Amino acid sequence: LNPIAFSRPYFGAEEERAALSTLRSGWIVGGARLAEFEEQFAARCGARHAVGTSSWTTGAFLVLKAWGIGPGDEVIVPSLTFIASVNIIAHAGATPVFAEIDPRTWNIDPADVVKKIGPRTRAIIAIDQLGLPCEIDSIHEVARRHGLLVLQDAACAIGSEYRGKPVGSLSQVSVFSLHARKVLTTAEGGMIVTNDEPLRNRMRLLRQQGMSLSDFARHAGPPTTFETYPEIGYNFRITDIQAAIGLSQMARLNEMLRLRRRVAERYIEGLARHPFIALPFVPGHVQPNWQSFQVRVRAGSALTRNAVMERLHGRGIPVRRGVMASHREAPYREPSVHLPNTVAAADNCLQLPMHPGLEDDQVGHILASLDDLARNH
Ligand SMILES: Cc1ncc(COP(=O)(O)O)c(C=O)c1O
């Protein structure tokens, strides 16, 4: 049995060639490869525009800035998320207000969002946690009723579908992560996807110090093509080396999704009757991309979540705890916040290895080990 990786990028000769040829071309940032990657990414999402950034965090922060969200404003976000979803609200100077999750899907609970809306609420961050699309139609309905903006945190959700439509086509703006643990990766990176052309233009501007022209446009024009700086921006650029790798990853996205689905199907079949592992719940109208495979250790089981993690680790199986509860971390701790479903999910869930290169006998070993734990704990 080869050593099992918890997560691993799925790269081949194409990614190597793409990176090398970009290095050799001399255009390593702000060039044609980025433009092509953005175009393909938007098309795959069923949207008109995409703007590449250095990460999800920088991209999503730009969206909040462009919306003018700042001090005195509140943004509703589930606590059960990687803390980046919450940090961007704090970076914008606004206040995060934590929403509860649906305990079955681990996604934002629209009914609880309604309860968290107040006079200062400006926006909702709706997260497709672990690549499982959230109930975005209900979130939009709530947002419409209360005049709120919706940022879809699709960090993990490239290739996922909701009611037959790709994530990225469902909201005014969705932001994806291209970090190493994501289904499609450029090591680090983010992608803002939107049909809103003025927003796209603003994102391009803010990504690059507020500069009115891209480097590529400037160099393509006559020598007196001078840029202007109409507003204060940032340096949140993604490189063309990353974009070239991203283009190769786009070409194998369907294959990666298929291989992940195969692993998930084996886990689902193999664990269906497990005495203390509860499988992830997938509503009939969504198709996840299986960015992660998270399970729950049932209450009252013979082993605790941590004991399961330790036993699996002892058998050479790398595991991680489930998604964190952000409101329990020091910057966001508040005694008045009461989120029992969130706390239960954070305490009782763990993630099994999941990536396209996971081998059949490795999955077999993971399933046999879990089976064994059920019998000999
Ligand atoms: C739900 C969610 N939002 C945001 C992020 C942050 O993405 P990035 O690391 O690209 O900034 C992640 C990354 O794990 C995530 O899972």
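This chain uses plain numbering: 1 for the first residue, then up along the sequence. Treat the numbers as computed from the prediction; the structure is a model and nothing was measured.
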Nearest-0.5 Å distance that lies between atom [atom1] in [X] and atom [atom2] in [Y]:
{"X": "Phe6", "Y": "His313", "atom1": "CZ", "atom2": "NE2", "result": "13.5 Å"}
{"X": "Leu80", "Y": "Asn341", "atom1": "CG", "atom2": "CG", "result": "10.0 Å"}
{"X": "Asn235", "Y": "Gln208", "atom1": "CG", "atom2": "CD", "result": "7.5 Å"}

Can you tell me if [X] and [Y] form a side-chain donor-acceptor pair at under 3.5 Å?
{"X": "Glu334", "Y": "Ser336", "answer": "yes"}
{"X": "Glu135", "Y": "His285", "answer": "yes"}
{"X": "Asp128", "Y": "Gln152", "answer": "yes"}

Checklist entry - When you look at Leu312 and Leu350, which way does the side chain to side chain contact (heavy atoms under 4.5 Å, CB included) test go after all the steps? => result CA-CA 11 Å; Leu312 291 175; Leu350 68 127; 4.2 Å; yes
Next on the checklist: Could you walk me through whether Glu141 and Arg144 satisfy the salt bridge (Lys or Arg N to Asp or Glu O under 4.0 Å) test, starting with their C-alpha distance in whole Å, then the side-chain angles of each, then the deciding distance to 0.1 Å, before giving a yes or no?
Outcome noted: CA-CA 5 Å; Glu141 198 189 305; Arg144 255 193 311 273; 5.5 Å; no
Would you check if the side chain of [X] reaches a backbone N or O of [Y] as a donor-acceptor pair within less than 3.5 Å?
{"X": "Ser169", "Y": "Ala47", "value": "no"}
{"X": "Gln40", "Y": "Phe37", "value": "no"}
{"X": "Glu100", "Y": "Thr342", "value": "yes"}
{"X": "Arg207", "Y": "Arg237", "value": "no"}
{"X": "Asp240", "Y": "Arg33", "value": "yes"}
{"X": "Thr22", "Y": "Ile241", "value": "no"}
{"X": "Gln129", "Y": "Asn107", "value": "no"}

Where does the angle between the aromatic ring planes of [X] and [Y] fall among parallel (under 30°), tilted (30 to 60°) and perpendicular (over 60°)?
{"X": "Phe276", "Y": "His274", "answer": "perpendicular"}
{"X": "Phe293", "Y": "Tyr267", "answer": "tilted"}
{"X": "Trp27", "Y": "His219", "answer": "perpendicular"}

Side-chain heavy atoms of [X] within contact of [Y], under 4.5 Å:
{"X": "Leu132", "Y": "Pro283", "value": "yes"}
{"X": "Lys65", "Y": "His91", "value": "no"}
{"X": "Thr53", "Y": "Met203", "value": "no"}
{"X": "Tyr332", "Y": "Ile83", "value": "yes"}

Item to check | Full working for side chain to side chain contact (heavy atoms under 4.5 Å, CB included) between Leu271 and Leu367 | outcome: CA-CA 7 Å; Leu271 296 171; Leu367 289 172; 3.7 Å; yes
